[in-house]
Amino acid sequence: MPFTSLVLPLLSRFGLPAGAMLPEGVASSIVERAQEGILVADMRSPDARIIYVNGAFERITGYAREEAVGKNCRYLQGSDRLQPAIGRMREALAAGEGIQVRLRNYRKDGSLFWNDLDLVPIRQGAGPPAYYVGFIRDVTEPVVTADRLESMRLTDQLTGCPNRDAFLEQFARRMAGARVLLVKLDIARFNEINGGYGYDIGDALLKAIAERLGTLGADLVARVGNDQFALGFALASDAAAPELLERLHRSLAERFTVPGADLQVRFAVGFVTGAPGADARMLVRQAGAALADSKLSPLLRPCEFASEREAEARHRLQMTAELQRALSANEFVYHYQPQVALPTGETVGAEALVRWQHALFGLQTPARFIRLAEETGLILDIGAAGLRDVARYAVEINRNRARPLCFSFNVSSLELTHSDIVSLVRRVIDETGIDPAWLTLELTESLLAEDSPEMLGIFRRLRDLGIGLSIDDFGTGYSSLRYLERFPLSEIKLDRSFVCGLPHSAAKRIIVEAVIKLAGELGARVVGEGVEQETERDMLAAMGCGFAQGHLFSLPLPASEFSLIAAA
Ligand code: C2E
Ligand code: CA
Ligand code: CA
């Protein structure tokens, strides 16, 4: 039987109806002229010899028909026999099945070509296939192009190093389950080098750095940013890390000589060690955080990543989001701590103290969140909403009282310096109808120390609105008594530290006496804070302090409970 007719059962490959009856001449010219290389192997012959190849086969492989016929197909792979596809092909042949594989094959001149091979079994009756017809297609060009694109995708074109993507992709493989050291480097003042010497020298320097980093025995060196490199070391033991860092340090301290310049370059260095199998992305991020620390240190000290820092940063982010949510969910409420007139013990007012009524964690005191609220600026919104709430509450409490109660509201420095507190207070007065005389803002001593005309102007305009101004925690800051004279204050709150143990400390008595005397001269009243003992109360009263608050009288109370006291 002519060999080409073996191919005829596969007529549909040539766009002909299966089973078409073709004169032998037509069939052989179709097979002979096909674009695909075609070979036929006789499976019944020893070593499954090739019995036919067509013209395209000759062109693709470079072997003439006489050279191919009589050989086993595998001669095309030469010694490159460890290809996984070969194993799969062998299994399919043993099972008498067809298979499509992509193989590295070699032409007669030894050059490699990628071969998409489609093997089709031809049976003649029962039993294993009598023949296999192989269709071969040279796919070298697309494969090589794809390879080249892939390698371009993963290579930094300037230095030839892996780039950031490659670093992340290859990290796990190269570290092979060892403990790892990941170092990130940033060239100090690289912009100035580019600016001063020109981009050619900048580029040459980057290449020289990449080259030198390549000599340090790192398992992976990559250029991960414009002027940043990353190195990955698989560690034999943890003790190896300091030595590697030292070697890196010494190596980078050497000058870099490039055509046209001889440069001493300084580097910021951040590093992190990780457990076997640690996620590359995480390590890169952590080394990056350490690198940022290094950049901030005066001598570009190499910095190790500290895990608490990240935990803290994460916690802050979560808390900030939580605070924002709490604000829109109205979870901030005020508790009221009564203030009493010392001679009589009568409640004359209250300090509003913010609380966070958290859905899951219950009532949170300011210590848990005020600092963060100040640092993120959220305090501006919390304070603005709170002032309105407290003013409304004051109006409600005083509606039926013959002698109205006064309410103090804490204002942090940020609210005075970063918001228009005067307008806010004016709006709150307008909106709630509160008598300004019922409202006192408590400010911190540090604002006085600023002693600027602007700050003084804000104080004046607030006082002009008719509200009171109080200096909180007086005596704990750096301000001297002299500042008090310059500011239009209506009240001084004597810090708890002076009240606590007052009866037993001559020094405290002298200070408290001086404050009370000065306040008297300025027309300001004094409130003793944190009074817990009757002896403290009695001594304050004896020294002429007009007002006090503290646990001796009452804890801060929820609005509903304070309302009961106010009504009594
Ligand atoms: P502060 O203004 O000095 O408030 C007095 C703090 O002392 C309150 O703590 C109060 O509960 C506590 N205290 C009262 N009496 C006694 C006592 O006899 N003994 C002791 N040991 N402590 C007493 P709280 O409520 O935890 O507030 C802490 C700080 O948080 C306040 O100190 C204030 O600086 C700030 N804060 C409270 N509410 C606000 C607010 O609405 N806005 C702003 N910006 N800060 C606030
Ligand atoms: Ca206060
Ligand atoms: Ca205070």
Side-chain angles (χ1 to χ4, degrees), residues 323 326-327 330-340 342 347 349-357 362-391 393-394 406-419 421 424-425 428 439-447 468-477 479 489-502 515 525-537 540 545 547-559 561-562:
L323 286 176
L327 185 63
N330 286 323
E331 288 181 359
F332 295 109
V333 298
Y334 287 81
H335 282 197
Y336 295 88
Q337 186 172 39
Q339 295 181 330
V340 301
L342 272 182
T347 296
E351 176 179 6
L353 294 159
V354 70
R355 300 288 181 263
W356 178 5
Q357 183 64 63
L363 206 62
Q364 307 287 313
T365 61
R368 301 288 299 263
F369 61 89
I370 281 283
R371 255 247 326 255
L372 187 63
E374 286 175 345
E375 285 166 10
T376 54
L378 263 176
I379 192 70
L380 301 180
D381 298 327
I382 297 174
L387 187 62
R388 251 185 210 94
D389 287 353
V390 171
Y393 181 68
C406 292
F407 289 81
S408 295
F409 187 81
N410 292 281
V411 174
S412 47
S413 308
L414 196 77
E415 293 172 81
L416 261 86
T417 51
H418 282 73
S419 72
I421 185 93
L424 172 68
V425 171
V428 167
L439 188 62
T440 292
L441 298 188
E442 295 193 7
L443 312 168
T444 68
E445 213 177 349
S446 59
L447 288 168
L469 289 184
S470 171
I471 288 303
D472 205 355
D473 306 335
F474 187 79
T476 55
S479 73
L489 301 172
S490 58
E491 180 183 282
I492 290 168
K493 294 192 82 171
L494 203 51
D495 188 66
R496 196 173 83 219
S497 56
F498 295 103
V499 172
C500 175
L502 181 65
V515 173
R525 58 184 213 158
V526 177
V527 180
E529 279 197 290
V531 178
E532 294 178 355
Q533 308 289 332
E534 291 181 353
T535 51
E536 292 162 357
R537 174 198 63 193
L540 281 174
C545 175
F547 304 87
Q549 70 184 85
H551 293 168
L552 177 65
F553 309 104
S554 169
L555 294 170
L557 302 171
E561 284 179 41
F562 183 76

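Both ligands and their constituent atoms are indexed starting at 1 by order of listing.
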How close does the nearest protein non-hydrogen atom get to [atom], and which residue and atom is it?
atom	value
atom 22 (N) of ligand 1	R496 NH1, 3.3 Å
atom 23 (C) of ligand 1	H551 NE2, 3.4 Å
atom 45 (N) of ligand 1	N410 CB, 3.7 Å
atom 28 (C) of ligand 1	P366 CG, 4.0 Å
atom 31 (C) of ligand 1	L353 CD2, 4.3 Å
atom 32 (O) of ligand 1	D472 OD2, 4.8 Å

Quiz prompt | ligand 1 contact by K493, heavy-atom criterion under 4.0 angstrom | solution = no
Exercise. May I ask whether R355 places a heavy atom under 4.0 Å from ligand 1?
Key: yes
Quiz prompt | side-chain contact (heavy atoms from CB on, under 4.5 Å) evaluation trace for V526 with F547 | solution = CA-CA 6 Å; V526 177; F547 304 87; over 6 Å; no
List every atom of ligand 1 that sits less than 4.0 Å from any heavy atom of [X], numbering the atoms from 1 in the order shown and giving each element.
X	value
P556	11 (O)
S412	44 (N)
G550	15 (N), 18 (O)
E351	2 (O), 4 (O)

Quiz prompt | Vertex the Ca ion (ligand 3), rays to OD1 in D473 and OE1 in E529 - rounded to 10° | solution = 90°
Considering only heavy atoms, does [X] approach ligand 1 within less than 4.0 Å through its side chain, its backbone, both, or neither?
X	result
D473	side chain
Q337	side chain
V531	backbone

Quiz item: Relative to the ring of Y393, is the ring of F407 parallel (under 30°), tilted (30 to 60°) or perpendicular (over 60°)?
Solution: perpendicular
Practice problem: State, without any angle test, whether S470 and E491 hold a side-chain donor-acceptor pair at a distance under 3.5 Å. | Solution: yes
Quiz item: How about Q337 and E351: does a side-chain donor come under 3.5 Å of a side-chain acceptor?
Solution: no
Practice problem: Check the pair V425, L441 against side-chain contact (heavy atoms from CB on, under 4.5 Å), reporting the backbone distance first and the verdict last. | Solution: CA-CA 10 Å; V425 171; L441 298 188; 4.1 Å; yes
Where do [X] and [Y] come nearest, in terms of heavy atoms and distance?
X	Y	value
P338	L555	CD-O, 3.8 Å
V428	A391	CG1-CB, 3.5 Å
L380	H418	CD1-O, 4.0 Å

Self-check item: Check: F409 ring centre within less than 6.0 Å of Y334 ring centre
Solution: yes
Quiz item: Hey, which of I471, D472, T440, L443 is the one that makes side-chain contact (heavy atoms from CB on, under 4.5 Å) with K493?
Solution: D472
Exercise. Using side-chain contact (heavy atoms from CB on, under 4.5 Å) as the criterion, point out the one residue from N410, I382, I379 that pairs with I370.
Key: I379
Could you check whether [atom] has a protein contact, counting only heavy atoms that fall below 4.0 angstrom?
atom	value
atom 11 (O) of ligand 1	yes
atom 34 (O) of ligand 1	no
atom 6 (C) of ligand 1	no

Check whether any side-chain N or O of [X] sits under 3.5 Å from a backbone N or O of [Y] as a donor-acceptor pair, and report yes or no.
X	Y	answer
S490	L469	yes
E536	E532	yes
E561	P558	no

Could you check which N/O/S atom of [X] is closest to the Ca ion (ligand 2)?
X	result
E442	OE1
D472	OD2
E351	OE2

Test your reading of the structure: does [X] have an N or O sitting under 3.5 Å from an N or O of ligand 1?
X	result
Q549	no
V354	yes
T365	no
E374	no

Quiz item: Measuring to the Ca ion (ligand 2), does N410 have an N/O/S atom at a distance below 3.0 Å?
Solution: yes
Quiz prompt | CA sep, side-chain torsions, deciding dist, call: L552, E534, side-chain contact (heavy atoms from CB on, under 4.5 Å) | solution = CA-CA 7 Å; L552 177 65; E534 291 181 353; 3.9 Å; yes
Exercise. Determine, considering heavy atoms only, which of E532, Q533, R368 sits nearest to atom 19 (N) of ligand 1.
Key: E532
Quiz prompt | Cation-pi check, R355 onto F332 ring (under 6.0 Å, within 45° of axis) | solution = no
